[in-house]
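Only one structure is covered here, and it is reproduced in the block below.
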Amino acid sequence: MRRRPFALSVAPVLRHAVAIQREQLSGPIPDLVVCGSTVPEDSEVAVDVALEAAHPGVLVSGVVRAPWVGECRRCLGAAGGQIVAEVRELFEPDGDPETTYALEGEQVDFEAMARDAILCELPLAPLCQPGCRGLCPVCGGDRNLDECRCARPD
């Protein structure tokens, strides 16, 4: 049985025993891939959130973090960075799956929320650096490393 690192009891919030419940959870989420960028399979996705009662559900706000890697769209070199996605989502029983996440009894599972947040932030066209100069269209040399001296057609 797969461990669920993002599952959590929210009973204290639902029973109004606490006004705000703060949680930090982390674990791997498989298959986080968009076009040319991905979260490596062995990487941890971190969820840092505050939970508040929002009758009949729970309002969750905070950030989701994950490293990403990819291939630069201009020079084909390595690209990567850190995603920091802000979240503010509602978990409720019998909610509309298009607009909210499931509250199952007194349990929530942040994996779907974290997956959605990361997939929305993964770069569609990754760059190794903002000013990447790319490859020469004539000789294929990496113009970030050296000026191209090939004969260019006019």
Side-chain angles (χ1 to χ4, degrees), residues 1-135 140 142-145:
M1 183 171 170
R2 183 173 165 252
R3 185 175 84 85
R4 296 175 55 202
F6 298 101
L8 177 72
S9 171
V10 293
V13 171
L14 293 173
R15 296 180 186 160
H16 302 288
V18 297
I20 296 176
Q21 179 177 337
R22 299 198 184 280
E23 296 292 338
Q24 293 179 330
L25 306 166
S26 65
I29 298 178
D31 304 320
L32 291 173
V33 179
V34 171
C35 294
S37 54
T38 183
V39 173
E41 290 290 329
D42 59 344
S43 295
E44 295 274 309
V45 174
V47 174
D48 186 359
V49 291
L51 298 85
E52 302 174 60
H55 187 74
V58 175
L59 180 64
V60 175
S61 56
V63 295
V64 178
R65 292 180 177 84
W68 69 272
V69 295
E71 183 177 76
C72 179
R73 71 176 176 158
R74 293 182 186 159
C75 71
L76 306 179
Q82 180 80 10
I83 291 173
V84 179
E86 291 189 25
V87 293
R88 185 169 174 86
E89 301 292 346
L90 183 61
F91 286 74
E92 61 182 359
D94 304 320
D96 178 0
E98 294 294 319
T99 59
T100 64
Y101 292 94
L103 174 63
E104 298 168 2
E106 295 181 334
Q107 295 280 319
V108 295
D109 190 333
F110 296 126
E111 184 171 334
M113 178 195 74
R115 172 183 295 285
D116 292 346
I118 296 296
L119 289 175
C120 286
E121 295 295 325
L122 275 171
L124 296 174
L127 293 175
C128 62
Q129 58 187 346
C132 178
R133 297 177 60 211
L135 302 176
D142 187 341
R143 295 187 297 183
N144 294 309
L145 302 176

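Just so you know, these numbers use all the heavy atoms, side chains as well, and skip hydrogens, waters and symmetry mates.
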Residue pairs passing the ring-ring contact (aromatic ring centres under 6.0 Å, His included) test where at least one lies in residues 22-46, sequence neighbours excluded:
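Residue pairs passing ring-ring contact (aromatic ring centres under 6.0 Å, His included), neighbours aside: none found.
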Atom pairs and distances, side-chain donor-acceptor, residues 113-127, under 3.5 Å, sequence neighbours left out:
{"unit_1": "Arg115", "atom_1": "NH1", "unit_2": "Pro30", "atom_2": "O", "d": "3.2"}
{"unit_1": "Arg115", "atom_1": "NH2", "unit_2": "Pro30", "atom_2": "O", "d": "2.9"}
{"unit_1": "Asp116", "atom_1": "OD2", "unit_2": "Tyr101", "atom_2": "OH", "d": "2.6"}

TODO: Take Phe91 and Val10 through the test side-chain contact (heavy atoms from CB on, under 4.5 Å) and record every step on the way to the result.
DONE: CA-CA 10 Å; Phe91 286 74; Val10 293; over 6 Å; no
Legend entry - Qualifying residues under side chain to side chain contact (heavy atoms under 4.5 Å, CB included), relative to Asp42, sequence neighbours excluded: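 Partners of Asp42 under the side chain to side chain contact (heavy atoms under 4.5 Å, CB included) test: Pro40.
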**OP:** Only counting residues at least two apart or in another chain, list the ones meeting side chain to side chain donor-acceptor pair (under 3.5 Å) with Glu104.
**Re:**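 Per chain and number, Glu104 pairs via side chain to side chain donor-acceptor pair (under 3.5 Å) with no residue.
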TODO: Answer yes or no: are there more than 12 heavy-atom neighbours, outside Gln82 itself, under 6.0 Å from its atom CD?
DONE: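 Yes, because the 6.0 Å sphere around CD of Gln82 holds more than 12 heavy atoms from other groups.
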Heavy-atom count check: over 12 atoms from other residues, nucleotides or ligands less than 6.0 Å from Asp94 CG?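 Not more than 12 within 6.0 Å, no.
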### Message
Nearest 0.5 angstrom please: Asn144 CG to Arg133 CZ, how far?
### Response
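One finds 7.0 Å between CG of Asn144 and CZ of Arg133.
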Q: To the nearest 0.5 Å, tell me how far Asp142 CG sits from Cys72 SG.
A: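 Interatomic distance, Asp142 CG to Cys72 SG, rounded to 0.5 Å: 8.5 Å.
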Query raised in the report: Got Val87 and Val47 here, is their nearest side-chain heavy-atom distance under 4.5 Å?
Result: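 They are not in side-chain contact.
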- prompt: Do Leu25 and Pro5 touch side chain to side chain, with heavy atoms closer than 4.5 Å?
  reply: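 Of all side-chain heavy-atom pairs linking Pro5 with Leu25, none is under 4.5 Å.
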If you take all heavy atoms of Glu41 and Pro28, which pair is closest and at what distance?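 Minimum heavy-atom contact is O-CB, 4.1 Å.
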### Query
If every non-hydrogen atom of Glu44 is compared with every non-hydrogen atom of Ser26, which pair is closest and at what distance?
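Shortest heavy-atom contact: OE1-OG, 3.2 Å.
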Between Thr38 (side chain only) and Leu32 (backbone N and O only), is there a donor and an acceptor less than 3.5 Å apart?
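Yes, Thr38 side chain to Leu32 backbone: donor-acceptor pair under 3.5 Å.
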Without swapping roles, check the side chain of Asp48 against the backbone of Gln24 for a donor-acceptor pair under 3.5 Å.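 Not confirmed, Asp48 side chain does not pair with Gln24 backbone.
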Could you give the side-chain donor-acceptor pairs of residues 11-22 under 3.5 Å, partners two or more places apart or in another chain?
{"unit_1": "Arg15", "atom_1": "NE", "unit_2": "Glu106", "atom_2": "OE2", "d": "3.1"}
{"unit_1": "Arg15", "atom_1": "NH2", "unit_2": "Glu106", "atom_2": "OE1", "d": "2.8"}
{"unit_1": "Arg15", "atom_1": "NH2", "unit_2": "Glu106", "atom_2": "OE2", "d": "2.9"}
{"unit_1": "Gln21", "atom_1": "NE2", "unit_2": "Ser9", "atom_2": "O", "d": "3.3"}
{"unit_1": "Gln21", "atom_1": "NE2", "unit_2": "Glu23", "atom_2": "OE2", "d": "2.8"}

Residues 50-69, side-chain donor-acceptor partners within the protein, below 3.5 Å, at least two apart:
none

